[in-house]
Amino acid sequence: MLNWLNQVFCVTLFNLRTIPERKGAVTAAAVGIAGVVAVFVGVLSIAAGFRAAMSVKGARDVAIVLRSGADTEMTSGLSREETRLVADTPGVARNADGPLLSAELFVIINLPKRATGTDANVPFRGVEKAGLAVRGDIKIVKGRRFEPGKNEVIVGTGAARAFAGVDVGETIRLGQNVWQVVGQFAGGGGSAESELWTDAVVLQGAYGRGDSFQSVYARLTSARAFDEFKRALTSNPRLKVKVERQGDFLAEQSSMLTTFIENFGVFIAAMMALGALFGALNTMYSGIAARTREIATLRALGFGAGPVVISVMLESLALALVGGTVGALAAYLAFDGYKAATINWQTFSQIAFAFAVTPELLVSAILWAVTIGLIGGLFPAIRAARMPIAAALREL
Amino acid sequence: MNEQPQKNGVLVDVDGVEKVFHRGSEDIHVLSDLHLKVPQGEFLALMGPSGSGKSTLLNLIGGLDRPTRGSVSIAGEHVNELSDRQLAAWRARHIGFVFQLYNLLPVLTAERNVELPLLLTHLSKAERKQHVATALGVVGLSHRTKHHPRQLSGGEQQRVGIARAIVTDPTLLLCDEPTGDLDRKAGDEILDLLQALNRQHGKTIIMVTHDPHASARAGRTVYLNKGQLSDEPVK
Ligand SMILES: Nc1ncnc2c1ncn2[C@@H]1O[C@H](COP(=O)(O)OP(=O)(O)OP(=O)(O)O)[C@@H](O)[C@H]1O
Ligand SMILES: [Mg+2]
């Protein structure tokens, strides 16, 4: 055993020492693998960042109520009467001003993007007085809150970054109405930071929505109160609603896009991996061809075929690990925290988010590299071991 | 040391060996019904025209290849009956190869090259160092241990090759044109060395050569022609 390890060690060392003689091919193969890993990490960090933007921490004690059958707020509708019934349901938290609950509606407006000047869809949400308190984590980072009953809006930080003309102090003209931007807010989870908010009643008036809403956001007395709250609502014969935790709802809202991005990322990475695999195979095959006589000499001296296989695999693995690490590092430096905005096709609105290069992502990227390295080394290793010694010794 | 058959017992017994190579649809009959007995302690030269199969025969004796028919036994061991894995271990124990083009690993120093076969033994690091020093001393290269092959002359490289071949004290030394790439002076030094290994250390040596000057140093010369051995050169 010791003897065998000694052989592996020695042949591997010999193989690695010949790398400087083949640095061109070796570098090309490593760069190929680095490219695969960088693209893989880059694309999937979009999905990871998007998912992180959409799911809120601690939102397990916030419930969202929609009309039953509606998958999004857009397709939902609730009357004032119905929202009152929700407010009276057990499990809703209260403070001095009453239940911590906000009946909301939203419309889609067009604003010019800062980057291109072209218009894009932005959700414009009407919330009730408790709207900020319900979410719990909303902070006014600039200016102040809107005043109820006035054409005043606060803008999410993501929307403020992405769109022109929505800085605090500016006015927005939408149809007949002029809106004053009075503040900027952060938090709220999901796509909240990509939205504009105003008083629900004002928005209803401006867009002729009568006295109807689309959703109710309710803070519960605790995360555990959710089941009771849900049971009470769904068993109420005067209501036809569906109830979800906000975190689950938001994750669902973005699942189509994250899944698409993930599949796309894996597909692109797989195509590139195929290329990198051939690069690695080629490098290893030619590396072995160049060492035919040396390997045959070692075999003639009594070195086993096993150590030759293992050491060729180790060399390929080392190459893949170096390439993979470089690629992962480059992707991390280039993409982590990179700010972007995209369309959520389930709500057709702009979502601002940051790329997230997570540790899990880095680990799976390195696993890709390792797989390429192992497959890229396997066939050349087998060829090296199968080589008839006498014939190989004849080669110059 | 390995247990050795008594002096002048038959060490190498090649019995009715035939070797056929296949190249495409063509069969190349290189050796046919070939017999050779080499006693323990002999220095045998093997001559013959180019392409006559000298290297092929040497490879069969050294367990690098298998005969199409017939048997090769070394010190009573039927080499062609061993598995590939056993054969590799057997080579490591019993055979020292010296190649025409030295076949040193360019990335290793002289002493590391010589140490290679010892990595297949159970010797400790200190013991290996000791053996390497002895072998390099025998070939007169104690002062060049840290040099890489490219820093050495052809003759010096071949001496490293011989040190590598003898460092495990093998049963049999097989040399394929060991002086084929050297000038007369360097070649003579190598032949002196082989002769000394045979006379003073009792090594059994089979040496393939084209050079009558080299075969003259051997105790006996056999000639390979048309797949058969004879004691007389072909006219
Ligand atoms: N692995 C192989 N496959 C096919 N043919 C081979 C193989 N090895 C040797 N031969 C053929 O067998 C014949 C004998 O080759 P061998 O190398 O044994 O000759 P040799 O006497 O050593 O020649 P030289 O003096 O040139 O070294 C040659 O015709 C050669 O082409
Ligand atoms: Mg030959």
Side-chain angles (χ1 to χ4, degrees), chain A residues 1-23 25-26 287-312 314-315 318 381-396, chain B residues 19 21-23 30 55-66 83-109 112-125 128 148-149 161 164-165 167-168 170 174 176 181:
Chain A
M1 194 61 204
L2 187 74
N3 176 302
W4 197 82
L5 283 179
N6 236 339
Q7 292 186 47
V8 172
F9 180 75
C10 167
V11 182
T12 306
L13 204 68
F14 157 65
N15 283 343
L16 294 179
R17 289 219 192 141
T18 62
I19 284 181
E21 294 160 22
R22 310 176 274 131
K23 34 180 182 313
V26 169
I288 280 161
R291 276 174 279 162
T292 298
R293 205 158 61 97
E294 274 94 355
I295 293 174
T297 302
L298 286 171
R299 300 275 284 116
L301 296 180
F303 281 75
V308 169
V309 172
I310 303 281
S311 60
V312 171
L314 283 177
E315 177 188 345
I382 290 173
R383 173 183 289 185
R386 287 250 181 97
M387 199 154 69
I389 306 168
L393 280 172
R394 300 170 65 87
E395 290 190 20
L396 290 182
Chain B
K19 182 68 186 177
F21 288 111
H22 306 280
R23 197 182 289 148
V30 180
S55 297
T56 301
L57 178 56
L58 208 65
N59 289 342
L60 291 176
I61 295 170
L64 294 180
D65 207 348
R66 293 170 187 277
S83 72
D84 282 352
R85 183 191 290 257
Q86 290 170 322
L87 201 55
W90 176 84
R91 281 197 302 270
R93 253 178 86 82
H94 294 286
I95 305 292
F97 286 102
V98 177
F99 304 93
Q100 177 176 356
L101 297 174
Y102 333 126
N103 290 21
L104 302 176
L105 301 195
V107 294
L108 302 181
T109 60
R112 290 280 173 210
N113 266 291
V114 175
E115 192 189 7
L116 281 173
L118 295 177
L119 296 175
L120 304 170
T121 67
H122 291 288
L123 296 180
S124 71
K125 206 179 165 105
R128 292 204 298 266
H148 283 267
R164 181 178 66 185
V167 73
T168 54
L174 301 177
D176 197 346
D181 238 43

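A note on names: the letters A, B, ... follow the listed sequences, proteins ahead of strands, and every chain is numbered from 1.
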*asked:* Atom CZ of residue position B:Phe21 - does it have more than 12 heavy atoms of other residues, nucleotides or ligands inside 6.0 Å?
replied: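 Counting other residues, nucleotides and ligands, CZ of B:Phe21 exceeds 12 neighbours.
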
*Does a sphere of radius 6.0 Å around CZ in B:Arg128 hold more than 12 heavy atoms from other residues, nucleotides or ligands, not counting ones at 6.0 Å or beyond?*
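Yes, the 6.0 Å shell around CZ holds more than 12 heavy atoms from other groups.
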
*Is a side-chain N or O of B:Arg91 found less than 3.5 angstrom from the main chain of A:Arg299, in a donor-acceptor match?*
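Yes, the answer is positive, given that a donor and an acceptor are paired below the 3.5 Å cut-off.
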
[atom2] on [Y] to [atom1] on [X], rounded to 0.5 Å:
X        : Y        : atom1 : atom2 : answer
B:Leu120 : A:Gln7   : CG    : CD    : 4.5 Å
B:Phe97  : A:Leu393 : CZ    : CG    : 8.0 Å
B:Ile95  : A:Leu301 : CD1   : CG    : 11.5 Å

Check whether any side-chain heavy atom of [X] lies under 4.5 Å from a side-chain heavy atom of [Y], and answer yes or no.
X        : Y        : answer
A:Arg394 : B:Asn59  : no
B:Leu108 : A:Arg17  : yes
B:Leu105 : A:Leu298 : yes
A:Ile389 : B:Asp65  : no
A:Arg293 : B:Leu101 : yes
A:Phe303 : B:Leu116 : yes

*So, for B:Ala92 and A:Gly302, which heavy atoms are closest and what is the spacing to 0.1 Å?*
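Of all heavy-atom pairs spanning B:Ala92 and A:Gly302, the closest is CB-CA, 4.0 Å.
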
*Go through the atoms of B:Arg112 and report whether side chain, backbone, both or neither lie under 4.5 Å from a heavy atom of chain A.*
neither

*Counting only heavy atoms closer than 4.5 Å, note whether B:Phe99 contacts chain A via side chain, backbone, both or neither.*
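The side chain, not the backbone.
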
_Atom group of A:Ala300 that falls short of 4.5 Å from chain B, counting heavy atoms_ =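 For A:Ala300, backbone and side chain are both near chain B.
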
